[in-house]
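Below is one structure, written out as structure tokens; comments come after it.
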Amino acid sequence: MTVTPSTDTRRAGRILYGAGVVLLCAWVLGPIYLLVVNTLSSPETVNTFPKPLIPEFDTGSLRFFLEFAGMLSALKNSVLVAGLTMILSILIGAPAGYALSRFDFRGKQAFRMLILLTRAFPLPLLALPLAVMFIRTGLDDTILGLALVHTTLAVPFSVLITYSLFSGIPLELEEAAWTLGCTRVSAFVRVVLPLILPGITASAIFAFVISWNEVFAAAVLTIENRTLTAFLLQNLDTSPLHLKFAGGFILVVPALIFIFAVRKYLFAMWGIANR
Amino acid sequence: MAEIQIRNVAKQFGSYTALRDINLTIADQEFMVLLGASGCGKTTLLRIIAGLETATTGEVWIGGRRVDHLPPRDRGIAMVFQNYAVFPHLTVFENIGFGLRMRRMAETELRQRVERVAELMHIEQLLKRYSGELSGGQRQRVAVARALAMEPDVILMDEPLSNLDALLRLEMRTELKGVLAESRTTAIYVTHDQVEAMSLADRISVMHQGRIVQAASPIEVYRNPATEFVGGFIGNPPMNFLPARPLGEGRWQVAGLVVDGPRLDKPLHFAIRPEDLRPAENGLQARVRVVEPLGAHVLVTCDVDGAMLRAVLDSDISLNPGDRLTLAPQPDRIRWFDPETTRAVH
Amino acid sequence: MNARLLPYILILPVTLFLCLFFLYPFVLVAAQAFTTGDGFSLENFREVVGYWKFPISLKNTLLLAAAVVPVQLALALLMATMVNRMRRGRDLVLYIWTIPLGISDLAAGMIWLAIFEQSGFLNTILGAVGAIDRPVNFLSYQHMGVVFLAIALAEIWRATAIMLVILVAGIGLIPKEYYEAAEVFGAGPWQRFRRITLPLLRPSLQTALVLRVILAFEVFAVVAALGGTLFPVLMSETYAYQFDLLDSGAAAAMALIILAISIASTLVILRVLRVPKGASI
């Protein structure tokens with residue numbers, strides 16, 4: 001071949017493609033950058049016009065946020081609820097994920113339907129009747145109560161994710177362990193668990209973030225013990241801008257870490273959970 | 001001492017019958033190969049012996065002990081898996097020592113045992129590696145070493161060579177045979193590869209549709225197949241079958257040729273292996289269809305009275321499609337089968 | 001332990017949990033929605049549907065979904081195909097593009113508030129280029145178009161990542177040979193996308209759309225942060241019934257209406273994107 005008529009179009013295509021990738025990255029990162037600028041500016045700067053596009057690295061806004069009445073305890077509540085949700089959803093979800101990946105049993109399809117069904121429902125709405133139920137059982141306005149509701153949100157994901165993780169571990173490995181002197185339990189502990197731990201961690205972090213980010217149920221179910229999201233939502237009308245931005249920033253930080261921590265599993269998780 | 005007895009074992013998967021009424025005795029130190037096409041039930045049978053699958057009915061005895069209610073760890077077996085099942089989070093050393101650790105063997109003895117077995121399998125220089133750093137052949141060696149380290153009564157192997165490339169498979173086959181003969185372990189080996197079965201086995205059990213159709217020495221299975229299926233499955237190219245008409249007094253008419261056979265008065269199938277046919281003055285009148293040179297031999301596919309016949313001949317013969325050829329069967333190699341039952345008749 | 005019972009023991013915790021915290025409250029919502037003081041009645045539904053804000057919040061929710069979801073779908077498909085042919089930097093780009101996945105709707109609302117509020121970055125930039133003299137209060141009732149735009153942008157920004165992840169995973173499942181075969185038979189890039197990627201991606205498209213549409217009807221915190229009471233949506237009305245009006249019967253009725261819309265749209269998506277039997281990968 002001496003002449004390739006499409007060389008120019010190809011090059012143009014490649015430039016367009018590169019520009020598209022960069023543009024889309026900027027589209028994602030730009031708004032976050034602007035939030036960071038606001039967070040790292042003094043409250044006065046945040047409320048003035050025009051705004052600098054470069055942060056002045058002033059911790060005034062963050063300090064104000066942390067000293068705001070009730071904010072620290074809200075932050076603490078958020079961490080506790082999310083931590084509890086994470087533990088509960090793995091403890092409850094992972095055995096079911098294991099059962100789905102390893103056994104054929106009567107009712108398996110019905111069980112899968114139940115799990116998938118929960119994804120098709122606007123789950124936070126269920127917080128409404130649970131509020132009544134919790135008042136009767138004394139779970140209202142408690143960390144545990146909210147964590148239970150958040151676990152309902154997170155547990156279908158943890159079942160599906162652990163299902164796909166366990167499916168990725170050949171049954172042969174477990175069988176080999178059985179023939180080499182292991183019981184079902186010791187084979188699980190010695191062979192499956194070490195292999196699956198990173199994946200379980202990823203799905204635990206996923207559960208953490210689901211709870212951390214949840215607004216509606218948190219606002220419905222807590223009054224005194226507000227989580228961070230509920231607290232910010234409640235004070236949306238009255239709080240000054242720099243408080244909102246600092247709060248938003250604190251909410252975003254775990255997200256950045258979360259996506260980084262689970263990036264390897266994000267796609268594998270959905271690849272099978274799709275079906 | 002570990003004789004294995006399988007008594008009346010059957011296995012149902014829902015409405016699908018994987019195994020029907022299996023009875024088989026494997027002698028101590030015998031190398032038994034379960035041979036059959038995929039779906040014939042050979043792997044299921046192996047897994048029932050291992051305890052990885054439960055039989056629907058029947059009993060499994062190992063070394064005079066009934067084991068079918070025992071978990072795999074209490075059966076005195078070790079197993080080599082098709083995909084090796086080398087634990088990826090453990091080193092080769094830890095893999096080989098895994099079963100010994102489970103038995104709480106003392107550390108010095110364990111180290112000696114692992115090193116000895118590793119040497120036997122020529123992987124002593126790999127002990128510190130992880131499975132991700134090993135080639136397929138090396139993983140295979142680790143899997144065998146791990147099983148041998150247990151010094152089991154019975155070693156079970158599920159198509160252990162099927163994932164290796166051809167050359168490596170040949171090498172491992174020879175090595176496996178040597179190592180297992182030395183270890184004096186009873187071995188059960190599942191494969192769909194008849195060459196592997198022939199070369200390894202003391203005895204072959206040919207399985208078909210959930211049944212053992214013949215259990216005999218390799219040469220017996222090859223020479224005297226119990227059914228048409230065995231004759232067709234073993235040997236490459238497979239056995240030829242031609243319709244035969246009784247002429248009375250043990251004389252049979254096979255496509256223009258008259259041969260001696262059983263004294264029966266109903267149509268039978270005349271069977272002959274392709275390598276037991278020779279060009280001759282007097283024999284089956286064949287018309288050549290396809291000629292395939294194989295090096296030392298040439299595979300000739302012909303037409304005999306509308307039926308297909310294959311012959312493996314010396315490659316010095318010169319043939320072309322359309323040629324006429326007369327092929328004589330070697331008389332002592334002729335076998336007879338009843339077309340109704342497909343069983344051998346004598 | 002009996003091997004036949006084991007799977008049931010393993011799924012028991014999650015089944016009990018979902019019965020208690022999913023099915024039971026669901027029955028309670030339904031019961032509450034259909035009863036007033038004396039037995040079965042549709043009074044709650046009549047009340048919420050008859051309220052003057054209901055048509056507006058329904059219209060807003062549907063409009064928002066109609067504006068946001070198609071853009072997200074197109075964007076996610078574009079990003080997924082871009083990532084698919086990427087050789088260098090794939091991990092980094094994917095990481096960046098999936099960051100919003102972890103960001104809550106409330107935080108996303110805050111982020112876009114920083115841009116659209118009166119002393120925000122949009123005003124700063126418009127002022128710098130001389131398009132405006134004084135900062136404009138975009139998020140007010142005089143600028144409903146901008147309010148809608150801000151909310152839509154925040155939603156697109158925040159929730160495209162979930163579709164992207166599902167689609168990238170789905171594209172990863174399509175064997176490369178199909179593309180090579182199509183290329184051999186003379187299909188160009190666009191035809192390969194239309195004739196191979198799209199049809200084989202249908203299961204993933206289903207999942208992505210169902211999930212995304214349901215979440216679109218639940219839009220709440222982004223709207224609360226950017227529009228406040230200017231832009232009522234179904235979820236914010238439900239919240240208002242529960243807290244400001246303390247009428248949990250009406251809130252339950254609203255919840256069921258949202259649920260009904262979700263189920264209806266799920267069925268439509270599943271029907272439109274159904275995969276013929278035996279035509280899956």
Side-chain angles (χ1 to χ4, degrees), chain A residues 90 94 97-112 161-204 261-262 264-265 268-269 271-272, chain B residues 13-14 16 43 46-47 49-53 67 70-91 94-105 130-132 139 142-160 163:
Chain A
I90 290 301
Y98 184 77
L100 281 177
S101 82
R102 287 293 190 257
F103 298 98
D104 272 317
F105 52 92
R106 208 179 269 271
K108 185 174 178 173
Q109 280 313 314
F111 178 71
R112 279 194 68 177
I161 293 167
T162 53
Y163 167 39
S164 92
L165 289 170
F166 283 124
S167 303
I169 308 240
L171 180 60
E172 244 189 19
L173 288 182
E174 266 182 274
E175 291 179 341
W178 299 343
T179 63
L180 291 168
C182 284
T183 60
R184 244 181 202 285
V185 175
S186 67
F188 183 84
V189 172
R190 281 165 181 271
V191 175
V192 180
L193 211 53
L195 290 172
I196 210 139
L197 216 52
I200 293 273
T201 314
S203 92
V262 304
K264 249 174 65 193
Y265 295 93
M269 267 157 25
I272 299 181
Chain B
F13 289 109
Y16 175 74
T43 295
L46 188 80
R47 290 170 60 83
I49 299 169
L52 298 172
E53 206 86 67
V67 297
L70 296 177
R73 63 177 184 281
D74 296 329
R75 295 190 177 200
I77 53 132
M79 186 153 167
V80 179
F81 291 82
Q82 182 166 13
N83 298 307
Y84 321 134
V86 174
F87 303 128
H89 60 300
L90 301 178
T91 62
E94 290 164 329
N95 260 287
I96 300 174
F98 187 91
L100 305 176
R101 281 239 159 93
M102 293 307 298
R103 282 190 200 157
R104 306 186 191 288
M105 180 183 272
Y130 287 93
S131 115
R139 265 177 238 179
V142 175
V144 175
R146 186 174 64 184
L148 288 174
M150 299 292 284
E151 298 189 347
D153 298 329
V154 179
I155 189 161
L156 306 172
M157 287 167 277
D158 183 8
E159 307 238 11
N163 285 338

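Letters A, B, ... mirror the listed sequences (proteins, then strands); counts begin at 1.
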Give me the atom names and distance for the closest heavy-atom approach of B:Phe87 to A:Leu173. CE2-O, 3.2 Å
Heavy-atom contact with chain A under 4.5 Å, split by part of B:Val86: backbone
Out of B:Gly51, B:Pro88, B:Ala50, which one racks up the most heavy-atom pairs below 4.5 Å with chain A? B:Pro88
Taking C-beta and beyond as the side chain, do B:Leu46 and B:Met79 meet within less than 4.5 Å on heavy atoms? yes
Once rounded to the nearest 0.5 Å, what's the spacing between atom CD1 of A:Ile90 and atom OG1 of A:Thr201? 8.5 Å
Quick one: CG on B:Leu156 to CD1 on B:Ile49, what's the gap to the nearest 0.5 Å? 6.5 Å
Between B:Gly99, B:Ala143, B:Ala149, who has the most heavy-atom pairs with chain A when the cutoff is under 4.5 Å? B:Gly99
Once side-chain contact (heavy atoms from CB on, under 4.5 Å) is applied, do any residues pair with B:Ala78, and if so which ones, sequence neighbours excluded? B:Ala147, B:Met150, B:Pro152
Flag side-chain contact, heavy atom, 4.5 Å: B:Val67 against B:Ile77: no
Any heavy-atom pair between the side chains of A:Phe111 and A:Leu100 that's under 4.5 Å? yes
Among the options A:Cys182, A:Ala177, A:Pro194, pick out the one with the most heavy-atom pairs lying under 4.5 Å from chain B. A:Cys182
Counting backbone as well as side chains, what donor-acceptor pairs lie under 3.5 Å between chain A and chain B?
unit_1, atom_1, unit_2, atom_2, d
A:Glu172, OE1, B:Asn83, N, 3.3
A:Glu172, OE2, B:Gln82, N, 3.3
A:Glu172, OE2, B:Asn83, N, 3.2
A:Glu175, OE1, B:Arg47, NH1, 2.9
A:Glu175, OE2, B:Arg47, NH1, 3.0
A:Glu175, OE2, B:Arg47, NH2, 2.5
A:Trp178, O, B:Arg73, N, 3.4
A:Arg190, O, B:His89, NE2, 2.8

Considering residues at least two apart in sequence or located in another chain, which fulfil the ring pair (Phe, Tyr, Trp, His ring centres under 6.0 Å) criterion with A:Phe105? C:Tyr8
